[in-house]
Amino acid sequence: MVQTHLKKRIEIILEAPALHRLTDRLNQAGVTGYTIVPVLAGRGRDGSWSAEGLAGDAGRLVMIISIVDAAKADDVLERVYTLLARQIGIVTVSDVQVIRADHF
Amino acid sequence: MVQTHLKKRIEIILEAPALHRLTDRLNQAGVTGYTIVPVLAGRGRDGSWSAEGLAGDAGRLVMIISIVDAAKADDVLERVYTLLARQIGIVTVSDVQVIRADHF
Amino acid sequence: MVQTHLKKRIEIILEAPALHRLTDRLNQAGVTGYTIVPVLAGRGRDGSWSAEGLAGDAGRLVMIISIVDAAKADDVLERVYTLLARQIGIVTVSDVQVIRADHF
Amino acid sequence: MSFLELASQNLVSPMVLFFALGLAAALARSDLSIPEAVAKTIALYLMMSIGFKGGVEVAKSGITTLMLLVMLAGVLLSFIIPVIGFFALRAVSRLSAVDAAAIAAHYGSISIVTFVAATEAVRGLGLPFEGFLVAVAAVMETPAILSALLLARRAQPAGQTQGEGESAGALIREVGLNSSVVMLVGSFFIGWATGAKGLAMIAPFIVDPFRGVLCLFLLDMGLVAGRGMREGARHLSPPVLAFGILMPLFSAAVAALLILPLGLSVGGAAVFITLAASASYIAVPAAMRLALPEAKPAIYLTLSLGVTFPFNLALGIPLYLAIAQRVGL
Amino acid sequence: MSFLELASQNLVSPMVLFFALGLAAALARSDLSIPEAVAKTIALYLMMSIGFKGGVEVAKSGITTLMLLVMLAGVLLSFIIPVIGFFALRAVSRLSAVDAAAIAAHYGSISIVTFVAATEAVRGLGLPFEGFLVAVAAVMETPAILSALLLARRAQPAGQTQGEGESAGALIREVGLNSSVVMLVGSFFIGWATGAKGLAMIAPFIVDPFRGVLCLFLLDMGLVAGRGMREGARHLSPPVLAFGILMPLFSAAVAALLILPLGLSVGGAAVFITLAASASYIAVPAAMRLALPEAKPAIYLTLSLGVTFPFNLALGIPLYLAIAQRVGL
Amino acid sequence: MSFLELASQNLVSPMVLFFALGLAAALARSDLSIPEAVAKTIALYLMMSIGFKGGVEVAKSGITTLMLLVMLAGVLLSFIIPVIGFFALRAVSRLSAVDAAAIAAHYGSISIVTFVAATEAVRGLGLPFEGFLVAVAAVMETPAILSALLLARRAQPAGQTQGEGESAGALIREVGLNSSVVMLVGSFFIGWATGAKGLAMIAPFIVDPFRGVLCLFLLDMGLVAGRGMREGARHLSPPVLAFGILMPLFSAAVAALLILPLGLSVGGAAVFITLAASASYIAVPAAMRLALPEAKPAIYLTLSLGVTFPFNLALGIPLYLAIAQRVGL
Ligand SMILES: Nc1ncnc2c1ncn2[C@@H]1O[C@H](COP(=O)(O)O)[C@@H](O)[C@H]1O
Ligand SMILES: Nc1ncnc2c1ncn2[C@@H]1O[C@H](COP(=O)(O)O)[C@@H](O)[C@H]1O
Ligand SMILES: Nc1ncnc2c1ncn2[C@@H]1O[C@H](COP(=O)(O)O)[C@@H](O)[C@H]1O
Ligand code: NA
Ligand code: NA
Ligand code: NA
């Protein structure tokens, strides 16, 4: 059996203009990495939006995935939360297993 | 420690032409939101496909992520399932933690 | 209640030029399918990168999601791991529920 | 000109050769590909350009009886071809009624790139053609979908062949508002409204580079068709394959007879016959995923894009031109 | 020419009609759309083209006192218009101070596509206009953002209206380096440096197809504006709606008075007045998401793109032209 | 013309200035960027255009002994340069054998945009050059990869330097079918087959806007190079940096000697020397990720795109032109 280690997967959906603010916070929290995935469209409490045809960043969202050590997760979440209190977006956390624990 | 709440993360991979049918069902089921992510390519029982070069919607898939209350999950899944019984696609459910329970 | 079945969700973030090597391995491991999602940018131990403006594959990453049977997960992971030992990328595994067990 | 001369001239045009390059690259598993965003935009550009130019032509000539008659003929063909195709497929193959109906729908509708390739071939011979044919192309896009729906329902209990809660009306509305129809018809009316003056303003964008852009799009279509052939070939039985070649020929013959009394120009007749013979690969497949989701897309997409489109591009168009020289004025 | 003549001529230009097509398609819920990657690139193309052409013009004429004075007038307007807009909004609507400040910022800044539409209208009348107006457009982009920030802070405790740890300086730097400003200003300087010789090299790309590309972009803007109207309309109260029409008229009047003594050409005056009357929908919304995240984007985006932009495009520009015929030389 | 005249003229061309704009914007951390889909398409467009034009030239001139000899010289250089580069790097730096081999491969292969920039400079001087040089560029793309593989294997046990189960043959096949080679070679043959007539049909797309599109692509390359410099600079030691400037000069000298007896035109010699001096940044990096995944991409990508490309664009090309004036006819 492959030896795996428990980590936290933090998934954030955030408005694009605030992306740098988020990655700054992630870096400050000492996460070892993150990955940014494009988002096409969505709906939330504020109605629906779509990236189609947009020439600017406002009104567009992106998704950020970061695999973090369980010990760091709380700190990361708090920093992300204070940002999300003011910007449009959501954050979820889930358990994942990784193979190389040292990578994260 | 940050106070978190348990929710369900529903992830659907669906053929693009049926997207509106899906979001209609999600709305009917009373989900508070969803996010649509582009998909480049894939393989399933029916062979592989790729969005590259496609000018139309047929033959292309999208991914829809919706964070829903555990109490609503079953209803959402059933509606999604009846759609997926006829359209190309798959659906998975997993546990996630969120910070602002009221948002979902 | 909808009857669900436990599966493993394997999420791989991998440099684009090695994509075919990965899907070959997934196919050899007998996974029933996978889905490829574009990635915009990211940061890891080797610094940050961005797909923006790139005309070639080198320096770009993609994300591959595969839902596999728990019994097969270890074999899949091992094959993915030997690839990731040499290429840039990460892999995580998590639990998900599916409705149609026979599909996977 | 004889068919052989027309065909050999057609085969060495940059358009056909770029399509062949795409096909070859896909079959050789090259990683050559056009990004989806660009493919979509080029398709819109082609609609914009041909719609606009067609509108400008109609602004010049006005609405004529000929135009109305040819549009009527087009609608008729779009309704009837699927019926013929459906029964032919049921007779010669083991396809289910739903699969047969879905395939047949593609052949009643039209392929705008095949249309464009025909207009380029016609222009290449120095022949004029009626500008209103763009409008004919537009009205031929959707009736075939209705036809196919009726055929599929006749064969199966209604509840099964249609999304629950989706009325046929809602579907037709959705199909009628699909991006290609809107872009084509919208540009047509804008071209009509602004006329030659409007055309002069945007000709360096929609006219001059048109053929080059078409080459790029045909390369892309070759890539997609080649990928489809590789993936989809095993879904096509010999009778279905034969259908992909014979059905266009049959439709061409019917179209030729239908317009014989109308008095279209030779160029116009060639373009009209090509419309009838062409099979949709953008609008109808998407509509079928909604209207008849049980039909297997691997079959109809592969047949339309991987068999009929290349056939029409390489051999069909010169043949339709040769036919038109007999039925046109 | 009278306003009515100007307006009716403007309304049947391909540009306005493609915008209308996009608007109609979005309101009818067609799936027509331009991919995001292409929309972004077209926006950059437009900046590249107008920046470069403006630079070439300045290379011809050199830096003049008129140029510096008009730039000064532009900066002044960009600072002042938000202040007036803010108090007007607070007086007539129930918007919060933050929302009012965010909206006001859009009206102090400029819309480059409205600018382009005005230059096309001016060119369509055979009128020349000063090339340095591109530079004026560039300097008018950002001062309004500063103005709005000050207004919002005055109304609220500083800690609340601004991202913790983000200094106003960092923000202004980020805004000043946003892609539209960099592309516009960069191309302007390249055009200036390479002059007519440089223009000759790339004119078939940046000059000839320009209007056609603009049509495609206006189609896209119509689509986005229509979507915004559908989604955002319920966020706009009647006074806010009225603001979207009256504020541009007011800004136009102020701009006309301000340049009356400067001696711009009629074409130049029309363009300058249009700049003042136009509202940003790319740079300022993004800046507001950073500077005033509490302000609701549904309001300011819908108002700027769904109300003011169409108004300016259809009626505003001919009106500003009519005004310019009185204040220009 | 002297090198200084050539260099100063080159530095104020719109192409070089747009590259500089991109570089400056990236270093200043502007958010200016070209979407990936568009960057990929422009790269394909450039291949299509230069391939096609080259093919048309060869259609005019036919296959000559000169052409075959220069192609041979190109293949030879592509094989040999990596060997020289490898030992040079191992001698002056502390790079591992795998890293040195991977870097060296880039310098044996070619950069198609550097090639294009050279042809533009040559055309700017009114000099003709041999159309078959496009074919030479194509055949120089891949031999360097083989060379580097052999070097890396010699230095390390085979099992480690190569993907398990991946034969060198499969890799070479994959590399030979990469999108840039297929597009370049395919368009070359289509241009050859359709000749001047084909060119006339699509010239408004592939010829007229070419330089403008190139400007946009160079802006993009400046952005990517600038980002690479920011991220990758710390991976480059001074000897490696020096290699990025000196290796092209050395390759240029070898190339000049090699073609001295062949009798290329001055323009052709300048282009050939530039090919030898240029370093790949699309095809080879992707191949290295497969063939030598242990080699660090931060080093070779930064060196090729962030050091050698700007050097060649700004100073190298005028220098190679000056050299060519001595060795060409
Ligand atoms: N329950 C949800 N599940 C998935 N995505 C969501 C959910 N709620 C919100 N989102 C995403 O977050 C964006 C902003 O949400 P909101 O702030 O609620 O308007 C939406 O447009 C969606 O893209
Ligand atoms: N096991 C799986 N894991 C991830 N994605 C899958 C899986 N099975 C199917 N898919 C996705 O769903 C699409 C349709 O699947 P199918 O209906 O099995 O052909 C595939 O092309 C994949 O994109
Ligand atoms: N902890 C992480 N969470 C999410 N993505 C990551 C993480 N670490 C690395 N990545 C992704 O994997 C890529 C390569 O990582 P590395 O090999 O560490 O440089 C990064 O650029 C990210 O896109
Ligand atoms: Na047809
Ligand atoms: Na303004
Ligand atoms: Na080289």
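Protein chains get the first letters and strands the later ones, always in sequence-line order, with residue 1 at the start of each. These numbers were taken from a predicted model, which means no experiment stands behind them. All values below come from the heavy atoms of this structure, side chains included, with hydrogens, waters and symmetry mates left out.
- Proximity of the aromatic rings of E:Phe205 and E:Tyr45 is defined here by a centroid distance below 6.0 angstrom, and this criterion is met.
- With values rounded to the nearest 0.5 angstrom, D:Asp220 atom CG is found 10.5 Å from D:Phe19 atom CZ.
- Proximity to chain E (any heavy atom under 4.5 Å) is restricted, for D:Met48, to the side chain, taken from C-beta onward.
- Here E:Leu32 is the residue among E:Leu216, E:Ile34, E:Leu32 with the most heavy-atom pairs under 4.5 Å with chain D.
- In this structure, the portion of D:Ala193 lying under 4.5 Å from any heavy atom of chain E is its side chain and not its backbone.
- Ranked by heavy-atom pairs under 4.5 Å with chain D, the list E:Asp208, E:Val207, E:Val213, E:Leu219 is led by E:Val213.
- Within the 4.5 angstrom heavy-atom criterion, atoms from both the backbone and the side chain of D:Ser187 approach chain E.
- In this structure, CG in E:Leu21 is found 7.0 Å from CE in D:Met183, a value given to the nearest 0.5 Å.
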Subject >> Intermediate values then yes/no, side chain to side chain donor-acceptor pair (under 3.5 Å), E:Ser265 and E:Glu130 >> reply: CA-CA 7 Å; E:Ser265 65; E:Glu130 287 77 8; 3.0 Å; yes

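- If you tally non-hydrogen atom pairs under 4.5 Å between each of E:Leu214, E:Val12, E:Val38 and chain D, the highest count goes to E:Val38.
- Taking the charged nitrogens against the carboxylate oxygens, E:Lys53 and E:Glu57 have no contact shorter than 4.0 Å, which rules out a salt bridge.
- Using a 4.5 Å cut-off between heavy atoms, D:Leu44 touches chain E through its side chain atoms alone.
- Contact of D:Phe189 with chain E is not made at all, since no heavy-atom distance falls under 4.5 Å.
- With a 4.5 Å cut-off on non-hydrogen atoms, E:Ser33 touches chain D through its backbone but not through its side chain.
- The OG1 atom of E:Thr114 sits 6.0 Å away from atom OH of E:Tyr281, with the distance rounded to the nearest 0.5 Å.
- Rounded to the nearest 0.5 Å, atoms CG (E:Leu17) and CZ (D:Phe52) are 8.5 Å apart.
- Looking at E:Phe210, there are no atoms closer than 4.5 Å to chain D (heavy atoms on both sides), in backbone or side chain.
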